[in-house]
Amino acid sequence: MPCSAPRRKPSSRGSGGSPSSLSPPRRRAGRSSSGGPTWRRHSTRSPGPPRRTCRLPEELPKPARDRRKRDEEFEPRALRVRFRPEPAYSLFGRLAARNGETSCRAFAAEVGLRYFGEVLAGRRVEAVENLAGLAGSDIARYTAVSSGPRQVVVLNGETLLARSWAPKKRRYCPRCLGGDLRGTVENDGPRPFRPYRRAWWDVVHVDNCPIHCCELLRACPACAEPIDADCAWPWRCRCGGDLTNAAAIPRSPNECSLDRYVVGRLGGCEPLPSRILDGVTLEAAIWAAFYVGWIADHGRALDMRRADHATKAAARRRGLELLADWPLSFEALLDAMVEDVPSRDMQSLSPRTAYGALSMWLARSPEGSLEPLRAAVRNHAEKSRRSAPSGVTFTEAANQLGVTRKTLVAVAEQLGLLPSGTDLRSRIVIDEEAVSKVRDLLTRTLGQRHAARFLGISVPAFQRLVDAGVVATHDPVVTGRRDRTYSPQELEHLLGRLSGDVPECHDLVGDLAGLPAASFKGRVGLDRLLPAVLDGRVRPRGRLPSAPGLQGILVSVGEVVALHGHRSDSMLLEEAAKRFGVNYWGFRGLVRSGLIPGRQALGRTNKRWWVRRADFERFCDEYGTVRHLAERYDLSRIVTRAIIDKLGLKHAPVPPGHFVEVYRFRDVEAALTGSQEARDHRARRKRRPKRPLK
Ligand SMILES: [Zn+2]
Ligand SMILES: [Zn+2]
């Protein structure tokens, strides 16, 4: 509606056709002196400059202020339908339709009222009553009357925010309208005028008709446009479409629970009692249900960007459900919220840290009727603060003890301090007694660094001993090297086994050295040397009391060097390559291709390759290079190469990157002994005279 045109001049007033039912124009002065009820705005506002207001279509007379009638002056129009629990604007629409108007605004202008500013806004209800001949009915009860500074509307005694009230949206339930139209009630007036609008269709929190369990619709089934708020017929679109023909979208009774609660309070259906919410104003009750449902479904933080219409409706339903058995489910919800509060916050627990959006809303809302809910939340926070356990969390205890949380959990499990089925990721609180038990156990064990120092060796050397299984880890064994612990008793026992009953000596004589030094000098790793000492291959010669751990056990370096002799069944790859007559990398290719088995030493630094002598001999009997072939079959290398190339003999395959050609004697024997070239070559060789010696 364009609102830019200036108000009409006074001279044009009354120029349109004036209906006979209207009383003649009256001057304002005469009106105020009559002593009758006056319109508030006339009496309070002083006449100022002309206001800007909306323009009406030309054929409609503007209801000028001077022509305004008092409520009791409206004469009844024939409606001849019974009063229904409907808002005044619905009755007004039916009245307009009965009088042949399809536009409420046009009818309002005809009778001297304003539709959008007055009838639809819930003002001048009595005028509508008189117009319908229903004076004295409680139609005001079903009309939302907006007033007051807080912009609230009151409907059937229930208070709603004005923004929760949207009559212009014109939603409807097709089945309610269809029931009115095709109802079987006798003597209820002409059928087309029976359907009426329900007040709760205009409450924005109501999405479904709880009576028929179907969604409220906005669009006309014929033209698919939203219904015009000005349309007089409650069951018809401006295009003539029949709203009772619209296909209902069914909803389960569960999905209509909140709608049933709201409509029940508005008097539209059987009330759904709720112990706590019934004492709260309707708007606050709906929001309480929303916030309770939200923190139950989405946690304490409220992110309105995630809250679309369907999510909000679901949260309201959930909240209504949780508040139904007040206070049981509600208390359980608050308990769950307190559960995941960090323990450092428990001593100063406030409702806001515990319950987030719910308590923020309760604190900010000026609604007095929410006091029971506020008290419940406050008391729960107070109770949780008092009953907060006095112990420490696992993380805090682990920090105190200087171990990781994982170690602490393992130790606690070993000591039976953790009940089975404890969620290890959650906040676990243990008391001081349990912490001291764990501390006792931990002091009886050594960490890796301390254990290495105890043995007098470096940490990497100690790790090699652990990897070789010479030193056993002490329970608890936890993944991750950092968390391994070792028992000092076991390490002491190992030292005792190594040194035996050897006498103390106070000087290094001959080639004696402590075990780590002997290991270095003899080029034998500690992980191999210690087993040799334990099984007697190396004999301990004495003990230095001043040196720590293994450094104090003296052995002869010569004996350590002699340990290498035990490896005579194998040889290094370098040696094997030299003996076979190829370079090292070529021989590695033969090992890699699997022609000769090889193995790599397992030491950390000494990763050289070895082959067994027996394997090497077998390989040399079976395979040979061109040089070996020439020697074996009495040919020159050039001729051998020529024969191989001519006959296309294949050498054994080796992985790419290795350049070595070996041939299996068995495969090439026939070619090199029986072929024509070979025979010719041997004959020429015999004929050729030997070079004379100089
Ligand atoms: Zn319905
Ligand atoms: Zn339509």
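Atoms within a ligand are numbered from 1 in the order they appear, just like the ligands themselves.
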### Task
Take atom CG of N254 as the centre, draw a 6.0 Å sphere, and report whether it contains more than 12 heavy atoms from other residues, nucleotides or ligands.
no

### Message
Counting only heavy atoms from other residues, nucleotides and ligands, does the tally under 6.0 Å from CZ of R374 exceed 12?
### Response
yes

### Task
Output yes if C209 passes the N/O/S-under-2.8 Å test against the Zn ion (ligand 1); output no otherwise.
yes

### Task
Just say parallel, tilted or perpendicular for the rings of W233 and F193, cut-offs at 30° and 60°.
parallel

### Query
If the Zn ion (ligand 2) is the vertex, what is the angle to SG of C223 and SG of C239, rounded to 10 degrees?
110°

### Query
If only atom types and distance count, is the side chain of R251 paired as donor or acceptor with the main-chain N or O of D207 below 3.5 Å?
no

### For the Zn ion (ligand 1), the closest N/O/S atom belonging to H212
ND1

